[in-house]
Amino acid sequence: MLDVKFVRDNIELVRRMLANRQSDLDLEPLLQLDETRRRLLIDVEEKKHRRNVASEEIARLKKDKKDGSSLVAQMKELGLEIKAIDSRLGEVEHEFMEFLLNIPNVPHESVPVGKDEKDNPQIRTWGQKPVFDFEPRPHWEIGESLGILDFERGAKIAGARFTLYWGAASALERALICFMLDTHTRRHGYTEVLPPFIVNSASMRGTGQLPKFKDDLFKLDGWDYWLIPTAEVPVTNIHSAEILEEAMLPLSYAAYTPCFRSEAGSHGKDTRGLIRQHQFNKVELVKFTRPEQSYDQLELLLANAEAILRELGIHYRVILLCTGDMGFSSAKTYDIEVWLPGQNTYREISSCSNFEDFQARRANIRFRQKGRNRTQLVHTLNGSGLAVGRTLLAILENFQREDGTVVIPEVLRPYMGNMKVIQRGAMS
RNA sequence: GGAGAGAUGGCCGAGUCGGCUGAAGGCGCUCGCCUGCUAAGCGAGUGUAGGGGGUAAACCUCUACCGAGGGUUCGAAUCCCUCUCUCUCCGCCA
């Protein structure tokens, strides 16, 4: 959520920002609502002041055994007026908030203006595409022939976009989760947390999923409960409505959670394999920082996420999302795209963003700074470190061998009983 | 699921028959003083959000907030209703 005062004072900048984001949102209604809101506020507050003064007067009269009935009658009338204005104000304020909640974040000045993903500049690459002396296969073929990925039964149990893992695949998934968490906590200094996988509407609003992206979420029937689409939601909301001490910052949390996404609007897209599932595992990195350090922390977060792929030895590239391709809440986003030889393409495996104070304002996350008598909003950041299912499929595709077996990266072997190669029937 | 208790400022904790209570008292914290150092002591200060004024700062002023929402009343932390959460006991259960 943007600061109304900021919008009011920088209206042209905000309009330009919306255009750069390919949004045609008209800000005029917001300015109107803001003006109405403030007008009503001035009016009702003045009336409340009068009532407060009169109430004291009535108390005094009563104490002195004098008659205050005419003043009481006046105040009764004024009370009705106040009630009427208050109710009107409530409506206006509600509309005003809804509008504000639907305005995306302002991109950082270092974000290139662009229309769509074709305008995203590449920042760097790491490693190289592996060379095969045979035709590399996509992971769904590898997984099925090894008997470790069961798409048919996943669909039978739940439906499309659900997969049953067997034996070595489930062990590999588990190994990846542990490896990622261990790396981030022991080497990168993150604090591990295990949050609820279900959250309420307030939390979803805090990070920006609601009200705008309701259709992308799974809701529990009859409850104010939603399945989390990412650990970003519960973890960022850990500190909602809190005032943090400056000395605590930056806070860095790492969390493993499953993620649930309805994938509405992507029918027919990525229907094969593990790429786009309704349920997948992810290790998420979340940071709370002082405003002036958030961009340094974004670089660090990105490097922390990249470290996982480097340790695994998988080629990837980092791209910077242009204004037209960025997420709603983000001010700047880097995507890490992993190389998938079986599909001859790069696919997003991590998205690292600085939200600046956009989420902090929604979720009301502040900190107190020495020498200042006002609280300030923190900056929040997060990034996948990494999407586990996609990491698993990247391993299958990058480390496959002609005989259909898959070599397990060295760093994961301690987590898998020193297994070196996944073979058909292994652990299943 | 049944029965009961509770929710007040960073923390603990008081609020009598509704009326200068944004809220006593204590702890903590900040600044200053004092003292070889530390500790102790003394003095002052110390919530959040929004609106208006003021040069965007300092500051002044108003409004709201004692779990959330609604009601009664001229006036509610205090009375009534609904909801949420926490705790205790019983039942059930991984």
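Only heavy atoms go into these numbers, but all of them, side chains included; no hydrogens, no water, no symmetry mates.
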Side-chain donor-acceptor pair present, [X], [Y], cut-off under 3.5 Å:
X: A:Tyr256; Y: A:Glu192; value: no
X: A:Ser55; Y: A:Asn52; value: no
X: A:Asp335; Y: A:Ser351; value: yes
X: A:Thr380; Y: A:Gln359; value: yes

Handout entry: Taking every non-hydrogen atom, the tightest pair across A:Gly147 and A:Trp166
Key = O-CB, 3.5 Å
Problem - Nearest atoms (heavy-atom pairs only) where A:Val407 meets A:Ile395 - result: O-CG2, 4.4 Å
Rounding to the closest angstrom, what is the interatomic distance between [N] and [M] at atom [atom1]?
N: B:rU16; M: B:rC79; atom1: P; value: 8 Å
N: B:rA39; M: B:rC29; atom1: P; value: 11 Å
N: B:rG15; M: B:rU73; atom1: P; value: 29 Å
N: B:rU86; M: B:rA24; atom1: C1'; value: 26 Å
N: B:rC33; M: B:rG52; atom1: P; value: 41 Å
N: B:rG6; M: B:rC42; atom1: C1'; value: 40 Å
N: B:rG69; M: B:rC85; atom1: C1'; value: 15 Å
N: B:rC83; M: B:rG28; atom1: C1'; value: 35 Å

Exercise for the section: Quick one: label A:Leu71 by what it contacts on the DNA or RNA (base, sugar-phosphate, nothing), any heavy atom closer than 4.0 Å. Expected result: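 Counting heavy atoms under 4.0 Å across all strands, no contact is made by A:Leu71.
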Handout entry: Touch class at under 4.0 angstrom, heavy-atom based, for A:Lys63 against every strand present
Key =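 No contact.
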[N] OP1/OP2 closer than 4.0 Å to side-chain N/O of [X]:
X: A:Lys83; N: B:rU72; answer: yes
X: A:Arg38; N: B:rG52; answer: yes
X: A:Thr375; N: B:rA49; answer: yes
X: A:Arg37; N: B:rG50; answer: no
X: A:Arg368; N: B:rG47; answer: no

Practice task
Return the 5'-most residue of the pair A:Val72, A:Ile243 with respect to RNA chain B, ranking by each residue's nearest nucleotide.
Solution key: A:Ile243
Problem - Upstream residue (5' side of RNA chain B) when A:Asn364 and A:Glu56 are each assigned their closest nucleotide - result: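 Counting from the 5' end, the first nearest nucleotide belongs to A:Glu56.
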Practice task
Please determine, for the side chain of A:Arg366, which listed nucleotide (B:rA49, B:rG50, B:rG52) has the closest atom?
Solution key: B:rA49
Exercise for the section: For the side chain of A:Ile58, starting at C-beta, report the closest nucleotide among B:rC74, B:rA49, B:rG51. Expected result: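 Taking heavy atoms from C-beta onward, the closest nucleotide is B:rC74.
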Exercise for the section: Among residues two or more places apart or on two chains, list those pairs meeting salt bridge (Lys or Arg N to Asp or Glu O under 4.0 Å) that have a residue in residues 195-216 of chain A. Expected result: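 Listed once each, the pairs would be none.
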Handout entry: Stems involving RNA chain B, each a run of at least 3 consecutive Watson-Crick or G-U pairs under 3.5 Å
Key =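 Only these stems qualify: B:1-7 with B:84-90, B:10-12 with B:25-27, B:28-33 with B:41-46, B:47-53 with B:59-65, B:67-71 with B:79-83.
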Return the value, rounded to whole Å, for the distance between atom [atom1] of [X] and atom [atom2] of [N].
X: A:Lys76; N: B:rG75; atom1: NZ; atom2: C1'; answer: 13 Å
X: A:Glu242; N: B:rU48; atom1: CD; atom2: P; answer: 15 Å
X: A:Glu35; N: B:rG52; atom1: CD; atom2: P; answer: 11 Å

Problem - A:Phe328 ring center within less than 6.0 Å of A:Phe358 ring center - result: yes
Practice task
Going by the side chain to side chain contact (heavy atoms under 4.5 Å, CB included) test, name the single residue among A:Asn281, A:Ile308, A:Thr185 that passes it with A:Met180.
Solution key: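 So the option named by the test is A:Ile308.
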Practice task
Quickly, which of A:Leu312, A:Asn418, A:Ile422 forms a side chain to side chain contact (heavy atoms under 4.5 Å, CB included) with A:Ile408? Name it, please.
Solution key: A:Ile422
Handout entry: Flag side-chain contact, heavy atom, 4.5 Å: A:Val111 against A:Leu321
Key =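 Contact flag for A:Val111/A:Leu321 side chains = no.
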At a cut-off of 3.5 Å, list every protein nitrogen or oxygen paired with a nitrogen or oxygen from nucleotides 63-68 of chain B, distance to 0.1 Å.
residue, atom, partner, partner atom, Å
B:rU63, OP1, A:His49, ND1, 2.9
B:rU63, OP1, A:Asn52, ND2, 3.0
B:rA64, OP2, A:Asn52, ND2, 3.4

